[in-house]
Amino acid sequence: MKKILVLPGDGIGPEVMREARKVLDVVNDRFTLGLACEEALVGGSAIDATGHPLPEATLQKAREADAILLGAVGGPKWDKLDMALRPEKGLLGIRKALGLFGNLRPAILYPQLAGASSLRPEIVAGLDILIVRELTGGIYFGQPRGVRTLENGEREGFNTYVYSESEIRRIGKLAFELAQKRGKRVCSVDKANVLEVTVLWREIMEEVAKDFPDVQLSHMYVDNAAMQLVRAPKQFDVLVTGNMFGDILSDEAAMLTGSIGMLPSASLNEKGQGMYEPCHGSAPDIAGQGKANPLATILSVAMMLRYSLAAAAPADVIEAAVSKVLDQGLRTADIQSDGMTLVNTAAMGDAVVKAL
Ligand code: IPM
Ligand code: MG
């Protein structure tokens, strides 16, 4: 038996997770996967129930799970809390505690959705890029950090952008291994014209590349990468970058595909244990209205089966089912276009279940 920890979280998290669970339950039965799901609290809902965004009980269950499926965390209700007790700390805390350093964010354009992209169809048609974001280091976790008062009474905020050689090597190796299984090109994104930490990043990427002679390495400054992603995104295969640049570029890349509501992600540690979540956030503005797109979470289930549970066959079936409902013309509001059938969250989930 394999244990799956389900963390619905906040905002649209619970409603998209409900649909993903329907899909997971069906493939669990059909392929006799022997998965046992258990739910726990994280983020704002955990704050409301226990006073902490990452209760010890949740962390304990996360450590024991073979894989974790997460909805989304955060919302205006908790925005005024101290930084250490905000919902986001629940998410960041699990990433750090489990060592989930490797964040895979694929941006794949479903041909059926070419018209939903804000870019012209010819620029995005066939798009298939993979952003590999370092997830447990960099400026997100660097010390010291805080807000201090200077001698003149003025306050000053500060964070530390730091990466060790081993952290860079580890994410670089993962990116190259993934590139070997696809287009065999890695573009490392940095700001080596200004920031020393990324001068080291670039140097280590060059070193890692020597072990992967079949993969071609290039480098790009992050500002240029942001521009190239909307100018000619198909030039990329695998993009590897640090935590903050990856956060920003992955949202940008998501939009190329029409909607961030379509994109799953995986966060892996060195043991292959993983947390799987949609790239979108908790979208408090549409929470509870049945407007959310559950496909990113459903596709996260597929990634979970493939990467953490060695179950590629059911993953293929889920991905094919998603493609099929798009072929049927079913669309949630975020991907709606002329002539398509607008459906709510639950109807989209049910349609995927039927297409399985
Ligand atoms: C993401 C999110 C998180 C991040 C937030 C919610 C802490 O934006 O997963 O990209 O910045 O990593
Ligand atoms: Mg983000």
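The chain is numbered in sequence order, starting from 1. Remember, it's 1-based here, ligands and their atoms both numbered in the order they're listed. Because only heavy atoms are used, hydrogens play no part in the values below, and waters and symmetry mates are left out as well, while side chains stay in.
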Write out the residue and atom name of the closest protein heavy atom to atom 2 (C) of ligand 1, then the distance separating them to 0.1 Å.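 The protein heavy atom lying closest is D247 OD1, 4.0 Å.
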Hey, is ligand 1 close enough to E88 that some N/O pair sits below 3.5 Å? no
Return yes or no for this condition: an N or O of Y140 is under 3.5 Å from an N or O of ligand 1.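 Y140 vs ligand 1: N/O contact under 3.5 Å present.
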Can you name the N/O/S atom of D247 that is nearest the Mg ion (ligand 2)?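 In D247, the heteroatom (N, O or S) nearest the Mg ion (ligand 2) is OD1.
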Of the choices E277, M244, R95, which has the non-hydrogen atom that lies closest to atom 9 (O) of ligand 1? R95
Show me which atoms of ligand 1 lie under 4.0 Å from any heavy atom of R105.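 Near R105, meaning under 4.0 Å from one of its heavy atoms, ligand 1 has 1 (C), 9 (O), 10 (O).
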Under 4.0 Å from any heavy atom of R133, which atoms of ligand 1 are there?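 Result: 1 (C), 4 (C), 9 (O), 10 (O), 11 (O), 12 (O).
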Any chance you could lay out the salt bridge (charged side-chain N to carboxylate O under 4.0 Å, His left out) test for E277 and R95, step after step, and finish with the verdict? CA-CA 12 Å; E277 52 180 310; R95 288 175 180 171; 3.6 Å; yes
Using the rule that Ile, Leu, Val, Met, Phe, Trp and Tyr join whenever any side-chain heavy atoms are under 4.5 Å apart, tell me whether L5 and V23 fall into a single cluster. no
Presence of salt bridge, D128 and K234, under 4.0 angstrom: no
Could you tell me whether K184 and D237 have a side-chain N and a carboxylate O separated by less than 4.0 Å?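 A salt bridge is absent here (no side-chain N lies under 4.0 Å from a carboxylate O).
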Backbone N/O of G290 and side chain of N344: donor-acceptor pair under 3.5 Å: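 No; judged by distance alone, with no hydrogens or angles, the pair does not exist.
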Could you tell me whether R133 sits above the aromatic face of Y140, with NZ or CZ closer than 6.0 angstrom to the six-membered ring centre and within 45 degrees of the axis? yes
